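The shown structure was predicted, so the numbers you read here are calculated from the model rather than taken from an experiment.
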Amino acid sequence: MGYDFDTPVDRRGTWSVQWDGVADRFGVDGLLPFTISDMDFACAPEVLAALQARIAHGVLGYTDWRHEDFLSALRHWFTTRYDTELDTDRVVYAPSVLNQVSQLLRMWSAPGDGVVVHTPTYDGFRKAVTGLGRELRGVPVGDTAALERELARGDSRVLILCSPHNPTGRVWTESELTAFARLAAAYDVAVISDEIHADFVHPEFVPAGRRHLPWTRFGTGRWAIVTSASKSFNFPALSGSYGVIGDPDDHAEFMRRMLTAEGLASPAVLTLTATIAAYREGAPWLDALNTYVTANLRMVAARLDAAFPGLGWRPPEAGYLAWIDLRALGVDDEALQRELIEREKVAIMPGTTYGCEGHVRLNVGCPRAKAERGTDALIRALHRLAGRPGQPASAQGQFGEHDREQR
């Protein structure tokens with residue numbers, strides 16, 4: 001079956017955080033957004049068909065996730081995508097990945113304790129950790145010595161591992177994951193592995209043989225995986241996630257909290273329906289989507305290389321978020337944001353959101369014409385700030401028209 005990722009879907013006026021909520025973060029309405037990590041593509045038709053059939057049934061009463069239809073879909077996905085057997089007796093369910101992270105932090109740490117993350121850091125982790133009164137302790141991606149120093153501190157209780165890493169798109173190697181597990185065990189630190197970006201690994205951009213490896217292969221002691229089909233198949237608004245908790249007592253405690261203290265006994269039936277359809281029938285759509293996103297990232301790399309040959313930017317190994325290091329250009333972050341917002345009328349996430357100056361995060365989970373508009377707007381702004389002439393060619397089509405209207 002062929003899939004159309006080129007035709008735009010108008011998301012304005014649909015309560016979209018990315019499109020309608022752009023002023024909340026950037027202070028200006030009407031910007032062309034490349035921001036929050038959802039995609040501008042419609043869900044897989046197989047998922048939409050399943051949702052329509054479930055709605056046609058007409059009854060949307062209380063439901064349960066602890067049934068074979070759902071659990072067997074999870075097993076099928078882990079087997080076919082990651083070559084990994086999933087023990088569904090260890091599965092838990094929650095409204096969101098960050099809800100799971102917060103619940104696990106409450107279980108495995110106390111106020112004032114240290115929580116270690118790789119930097120730059122997804123801002124949702126920072127909000128969850130500091131919001132619960134824990135101390136966020138960052139270590140640079142790839143710095144194993146710094147990681148050990150932080151884990152060795154007596155009050156470091158949890159390592160939040162983003163795998164693949166957001167925002168850099170790093171796919172951890174087997175040796176790195178083995179080292180993380182060894183260090184966590186040595187210093188009695190629990191591991192929470194957020195694997196929501198696992199389905200977006202780009203073989204073209206990773207060293208031969210490297211792939212996503214679930215933490216189920218490495219975890220010992222206290223550990224959990226938190227994830228959802230919502231990122232891969234673009235239905236985050238349905239609100240649902242699942243996890244895997246290694247220790248039986250921790251699993252029982254998490255379930256107790258969700259069913260009693262949190263009052264979250266019944267999941268959204270449409271989320272279960274979407275997840276089952278995605279994992280059972282959605283693989284061809286996801287494969288086609290990954291091919292399309294890979295081409296978008298290749299386009300970004302080509303245009304940046306043509307405009308700034310010395311920048312040497314390479315696409316991320318995973319994800320549809322282009323994490324772009326601009327430090328070599330010596331451009332001021334605030335000045336760049338002013339150029340992008342006031343002159344180019346685009347919203348692109350500044351690296352400071354993730355604790356890293358001199359970077360931007362450009363969401364290219366969108367039709368190519370839009371991705372081209374965002375890339376060219378960034379290049380124009382950089383040319384002006386870097387004092388270099390140059391005018392990249394504009395993309396044509398709906399997004400080109402939208403851009404001209406905004407100007």
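Between R303 and E372 there is a salt bridge, since a side-chain N of the basic residue sits under 4.0 Å from a carboxylate O of the acidic one. A salt bridge links D155 with R137; the closest basic N to acidic carboxylate O contact falls under 4.0 Å. A salt bridge does not link R314 to D325: none of the charged nitrogens lies less than 4.0 Å from a carboxylate oxygen.
Side-chain contact, E195 with S193: a donor N or O sits under 3.5 Å from an acceptor N or O. Side-chain atoms of T353 and R361 include no donor-acceptor pair closer than 3.5 Å. Side-chain polar atoms of Y82 and D199 form a donor-acceptor pair below 3.5 angstrom.
Note that CH2 of W19 is 9.5 Å distant from OG1 of T35, once rounded to the nearest 0.5 Å. A distance of 9.5 Å separates CG of L286 from OH of Y279, quoted to the nearest 0.5 Å. Atom-to-atom distance recorded for C366:SG and R373:CZ is 12.5 Å, nearest 0.5 angstrom. Expressed to the nearest 0.5 Å, how far CD of E342 lies from CZ of F26 amounts to 13.0 Å. Rounded to the nearest 0.5 angstrom, T84 OG1 and H212 NE2 are separated by 7.5 Å. With values rounded to the nearest 0.5 angstrom, R217 atom CZ is found 10.0 Å from L177 atom CG.
In this structure the side chain of W108 reaches within 4.5 angstrom of the side chain of D250, judged on heavy atoms. Contact annotation: the side chain of L105 approaches that of I192 to within less than 4.5 Å [non-hydrogen atoms, C-beta and beyond]. L238 is not listed as a side-chain neighbour of T273, based on a closest heavy-atom distance of 4.5 Å or more. Inter-residue side-chain proximity for R222 and M107 is flagged as unmet; no heavy-atom pair is nearer than 4.5 Å. In this structure, E344 and E339 have side chains that are not in contact, with every pair of non-hydrogen atoms separated by 4.5 Å or more. Under the 4.5 Å side-chain criterion, counting only non-hydrogen atoms from C-beta, V300 is in contact with W313. With contacts defined as side-chain heavy-atom distances shorter than 4.5 Å, the pair I245/L104 qualifies. At least one side-chain heavy atom of W172 sits under 4.5 Å from a side-chain heavy atom of V141.
For R368 (side chain) and Y292 (main-chain N/O), a donor-acceptor pair under 3.5 Å exists by modelled atom type. Not one N or O on the side chain of D194 forms a donor-acceptor pair closer than 3.5 Å with the backbone of I160. A donor-acceptor pair under 3.5 Å links the side-chain atoms of H67 to the main chain of F70, judged by distance alone. Counting only distance, with no hydrogens or angles, the side chain of R134 and the backbone of S109 share a donor-acceptor pair below 3.5 Å. Judged by distance alone, with hydrogens and angles left aside, the side-chain atoms of T119 form a donor-acceptor pair with the main-chain N or O of V139 at under 3.5 Å. Side-chain N or O atoms of Y354 include none that pairs as donor or acceptor with a backbone N or O of N166 at under 3.5 Å. The closest donor-acceptor contact from the side chain of E281 to the backbone of V47 lies at 3.5 Å or more, if one exists at all. Between the side chain of N363 and the backbone N or O of D38, at least one donor-acceptor pair lies under 3.5 Å. The backbone N or O of G240 sits less than 3.5 Å from a side-chain atom of S228, completing a donor-acceptor pair. Listed for the H118 side chain is no donor-acceptor partner under 3.5 Å among the backbone atoms of L147.
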task: Apply side chain to side chain contact (heavy atoms under 4.5 Å, CB included) to F205 and T294, showing your working.
output: CA-CA 9 Å; F205 305 139; T294 296; 3.7 Å; yes
- prompt: What's the verdict on side chain to side chain contact (heavy atoms under 4.5 Å, CB included) for E135 and V115, showing C-alpha distance, side-chain angles and the deciding distance?
  reply: CA-CA 6 Å; E135 181 179 295; V115 177; over 6 Å; no
Residues S175, T173; criterion side-chain hydrogen bond (donor to acceptor under 3.5 Å, both in side chains); working and verdict: CA-CA 5 Å; S175 62; T173 67; 3.0 Å; yes
query: Should T88 and R75 be marked as a side-chain hydrogen bond (donor to acceptor under 3.5 Å, both in side chains) after you check the CA-CA gap, both sets of side-chain angles, and the distance that decides it?
result: CA-CA 7 Å; T88 48; R75 287 196 301 269; 3.0 Å; yes
- request: Dump the intermediate steps for side chain to side chain contact (heavy atoms under 4.5 Å, CB included) on R380 and R343, then the final yes or no.
  value: CA-CA 10 Å; R380 282 193 297 269; R343 295 190 62 173; over 6 Å; no
Audit row: F218, W223, side chain to side chain contact (heavy atoms under 4.5 Å, CB included) steps and yes/no: CA-CA 9 Å; F218 304 92; W223 63 268; over 6 Å; no
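Among all heavy-atom pairs drawn from S230 and I196, the shortest one is OG-CD1, 4.3 Å. Shortest non-hydrogen contact noted between A381 and L340 is CB-CD2, 3.8 Å. In plain terms, the two heavy atoms of F235 and C43 that are nearest each other are CB-SG, 3.9 Å. The two atoms that bring V116 and S156 nearest to each other are CG2-OG, 4.0 Å, heavy atoms only. Minimum heavy-atom separation, G30 to V22: N-CG1, 4.1 Å. For the pair L132 and S102, the tightest heavy-atom approach, listed with the atom from each and the gap, is CD1-O, 3.7 Å.
Here Y122 and H197 keep their ring centres 6.0 angstrom or further from each other. The six-membered or imidazole ring of W215 lies away from that of F180, with a centre-to-centre distance of 6.0 Å or more.
Remark: of the listed residues W285, F200, F41, W285 is the sole one forming a ring-ring contact (aromatic ring centres under 6.0 Å, His included) with F233. No option in E357, Q337, R25 other than Q337 meets the side-chain contact (heavy atoms from CB on, under 4.5 Å) test with P350.
No more than 12 heavy atoms of other residues, nucleotides or ligands shown are found within 6.0 angstrom of CG on D188. The number of heavy atoms from other shown groups lying within 6.0 Å of CD (E204) is above 12.
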